[in-house]
Amino acid sequence: MSIEYGEAQLLPGEKIAITTDTATEPFWKKAKERKLTACRCASCGHFRMPPTPYCPECQSREMSWPDLPGTATVFSFAICTRSPYSGEPLIYVPVVVDLDGAPGARLVSNLIGIKAEDVEIGMKVTVDWNPIQDDWLLPIFRPV
Ligand SMILES: [Zn+2]
């Protein structure tokens with residue numbers, strides 16, 4: 001017997017705030033242009049997410065931020081049934097996705113546009129954008 005949760009909901013953007021630092025700001029600035037990127041070592045090419053000041057492979061501080069295609073594959077997910085803000089009933093689906101064009105880079109996000117009970121590991125998804133506090137855009141995903 002499978003549970004029917006219903007449509008995965010968007011988290012309320014007005015409740016979501018981010019902070020940036022020198023290592024993460026390029027990601028958020030590209031997101032504001034609706035471009036998905038990931039931190040790539042400009043010295044050895046290793047992708048790392050979340051961005052960190054030093055490459056874990058070669059210790060270089062040089063970073064590049066290539067435009068990615070915006071597609072990804074669901075690596076893992078959860079189905080949540082309560083709002084993290086109010087505790088009221090809310091169906092939403094946190095996901096960890098493998099980013100296309102950035103081998104080894106994963107992003108924690110949310111999935112919408114699908115019934116929660118239909119989400120599967122390995123499914124192809126594409127980026128969309130959720131407006132959040134301070135005019136930032138949060139990358140979220142929906143099925144291709
Ligand atoms: Zn490196």
Side-chain angles (χ1 to χ4, degrees), residues 2-3 5-87 90-144:
S2 63
I3 298 173
Y5 294 95
E7 197 72 16
Q9 301 294 307
L10 193 61
L11 287 172
E14 70 276 7
K15 300 273 192 192
I16 301 171
I18 60 161
T19 57
T20 64
D21 59 30
T22 54
T24 61
E25 191 171 75
F27 177 86
W28 293 106
K29 284 188 166 174
K30 285 244 184 183
K32 212 174 239 190
E33 301 169 14
R34 298 175 181 264
K35 290 178 181 169
L36 190 63
T37 187
C39 182
R40 185 179 198 196
C41 175
S43 183
C44 77
H46 177 76
F47 279 97
R48 61 187 191 272
M49 288 294 286
T52 51
Y54 293 90
C55 173
E57 294 296 313
C58 75
Q59 284 71 54
S60 169
R61 299 180 69 154
E62 302 302 315
M63 301 174 181
S64 66
W65 299 89
D67 289 345
L68 301 179
T71 50
T73 304
V74 173
F75 172 77
S76 183
F77 70 98
I79 298 173
C80 297
T81 59
R82 296 272 173 191
S83 167
Y85 305 104
S86 68
L90 177 72
I91 301 298
Y92 68 101
V93 178
V95 285
V96 179
V97 297
D98 282 313
L99 299 174
D100 287 352
R106 291 185 176 135
L107 190 65
V108 179
S109 182
N110 287 98
L111 189 62
I112 63 166
I114 186 172
K115 288 182 178 176
E117 62 268 28
D118 292 337
V119 179
E120 293 180 354
I121 288 170
M123 72 187 300
K124 293 297 293 183
V125 294
T126 190
V127 74
D128 199 350
W129 305 96
N130 184 11
I132 60 172
Q133 289 184 17
D134 301 322
D135 298 322
W136 295 107
L137 290 175
L138 181 71
I140 57 173
F141 288 84
R142 56 174 70 242
V144 169

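Remember, it's 1-based here, ligands and their atoms both numbered in the order they're listed. This one's a predicted model, so the numbers in the text were calculated from it and none came from an experiment.
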For the backbone of [Y] and the side chain of [X], can you confirm whether one donor and one acceptor N or O come within less than 3.5 Å of each other?
{"X": "Asp67", "Y": "Lys35", "value": "no"}
{"X": "Ser83", "Y": "Leu90", "value": "no"}
{"X": "Arg142", "Y": "Ile112", "value": "no"}
{"X": "Thr73", "Y": "Lys124", "value": "no"}

Of Thr20, Leu107, Ile18, which meets side-chain contact (heavy atoms from CB on, under 4.5 Å) against Phe27?
-> Leu107
Cys44 side chain reached by Cys55 side chain, heavy atoms, under 4.5 Å |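 They are in side-chain contact.
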Proximal protein heteroatoms (N, O or S) of the Zn ion (ligand 1), under 2.8 Å = Cys41 SG, Cys44 SG, Cys55 SG, Cys58 SG
